[in-house]
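When a residue number appears, it is its place in the shown sequence, counting from 1.
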Amino acid sequence: DKVKISATSTLVLDGDVTIKNLELDGALIVVAQPGAQVVVDETKVANKGHGWTMVKGDDKEVDEMFRIRGYTLDVKEEAKHVCDKPGKWVIKDGKATLESS
């Protein structure tokens, strides 16, 4: 198993997700709905990813939630896979495939 994630990357895993082989330089979101089991294997993701924009605490044009936090998320580019059917999924070479249900 080999996982390499750059310091500026964002990785979000939701549900039953296993990482076997991943090289990430950017943003990757993997969602496994109930009943779905996802394996990320032989995948390289390179995109512009996410950034953060600082917010001043007294900036009334920005929602209070973000003023308290101090920043907003700037989604520049991301890879997103939502595996929405029960069964075994594999994400390989950037594509999600339902292998068995």
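In terms of hydrophobic clustering, with Ile, Leu, Val, Met, Phe, Trp and Tyr side chains grouped at heavy-atom distances under 4.5 Å, V3 and V12 are assigned to different clusters.
Every side-chain contact (heavy atoms from CB on, under 4.5 Å) that K85 has, sequence neighbours left out, goes to W89, L98. For E64, the side-chain contact (heavy atoms from CB on, under 4.5 Å) partners are R67, I68, not counting sequence neighbours.
In this structure, I19 CD1 and L13 CG are separated by 5.0 Å, a value rounded to the nearest 0.5 Å.
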Which side-chain N or O atoms in residues 23-51 pair as donor and acceptor under 3.5 Å with protein atoms at least two apart or in another chain?
from: D25; atom 1: OD1; to: S6; atom 2: OG; distance (Å): 3.1
from: Q37; atom 1: OE1; to: K88; atom 2: NZ; distance (Å): 3.4
from: T43; atom 1: OG1; to: D41; atom 2: O; distance (Å): 3.2
from: T43; atom 1: OG1; to: I91; atom 2: O; distance (Å): 3.1
from: N47; atom 1: OD1; to: A27; atom 2: N; distance (Å): 2.8
from: N47; atom 1: OD1; to: G49; atom 2: N; distance (Å): 3.0
from: N47; atom 1: ND2; to: A27; atom 2: O; distance (Å): 3.1
from: H50; atom 1: NE2; to: E78; atom 2: OE1; distance (Å): 2.6

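Screening residues 49-62 for salt bridge (Lys or Arg N to Asp or Glu O under 4.0 Å), with sequence neighbours left out, gives no hits.
Counting only heavy atoms from C-beta outward, the side chains of W52 and T72 never approach each other to under 4.5 Å.
Other members of the hydrophobic cluster containing V55, listed by chain and number, are V62, M65, F66; membership follows side-chain contacts under 4.5 Å among ILVMFWY residues, whether direct or relayed.
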